[in-house]
Amino acid sequence: MPGPPVSIGAMVMVSPGASGPPDTGTIIAVIPPVITANGMPLATAGSICMMVNSVWGFPYPLVIGPLASTGVRVTGRALVRMGDNIPSPPGILTILGPPAAPFINDQSPP
């Protein structure tokens, strides 16, 4: 889904979660090398999210899967945008936002 890129601190949701119901979390790390917008490193496939299990409350890391933007790549890794639905086991990761740079809008298909 075309949209503005996200960075560290963006909210994410994976459905189904580790125990069934959707789990929520935050992007906590962007793997170098990175590109920046508005002074923030933009998330790419391979960035790490810290998720919280919605049933038991335990935190767990989740790596963002490879299927995001087809138009913008950083060393071969796809740019992650607000509104993207990315297959990332245990389910589909939805990027909720907020965007790092709302003035940038990647119009490439997922």
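Heavy atoms only: backbone and side chains are in, while hydrogens, waters and symmetry mates are out. These numbers come from a predicted model, not from an experiment.
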- [ ] Determine whether T24 and S54 make a side-chain contact, defined as any pair of heavy atoms from C-beta on separated by less than 4.5 Å.
- [x]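 With C-beta onward as the side chain, the pair stays apart.
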Task: Close side-chain approach of C49 and M13, heavy atoms under 4.5 Å - done: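 No - every pair of side-chain heavy atoms lies 4.5 Å or more apart.
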Kindly work out whether a path of hydrophobic side-chain contacts (I/L/V/M/F/W/Y, heavy atoms less than 4.5 Å apart) joins [X] to [Y].
X   : Y   : value
I35 : M82 : no
V80 : M51 : yes
V72 : I27 : no
M50 : I48 : yes
V30 : I64 : no

Please give me the minimum heavy-atom distance between [X] and [Y], naming the atom from each residue.
X    : Y    : result
Y60  : A18  : OH-N, 3.8 Å
P4   : A101 : CB-O, 3.8 Å
A100 : S7   : CB-CB, 3.6 Å
P99  : V6   : CA-CG1, 4.2 Å
G39  : T36  : C-CB, 4.5 Å
S19  : V55  : CB-CG2, 3.7 Å

- [ ] Indicate yes or no for a side-chain donor-acceptor contact from S15 to the backbone of P22 under 3.5 Å, with no hydrogens or angles considered.
- [x]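 Such a contact is absent between S15 side chain and P22 backbone.
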Open item on the list: Quick one: does any side-chain atom of T26 pair with a main-chain N or O of G9 as donor and acceptor, under 3.5 Å?
Closed with: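 Such a contact is absent between T26 side chain and G9 backbone.
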Atom [atom1] of [X] and atom [atom2] of [Y]: how far apart are they, to the nearest 0.5 Å?
X   : Y   : atom1 : atom2 : value
I95 : M11 : CD1   : CE    : 11.0 Å
T75 : I31 : OG1   : CD1   : 10.5 Å
L67 : I86 : CG    : CD1   : 8.0 Å

TODO: Please say which of L62, L93, V14 ends up in a side-chain contact (heavy atoms from CB on, under 4.5 Å) with D23.
DONE: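 One option only clears the test, and that one is V14.
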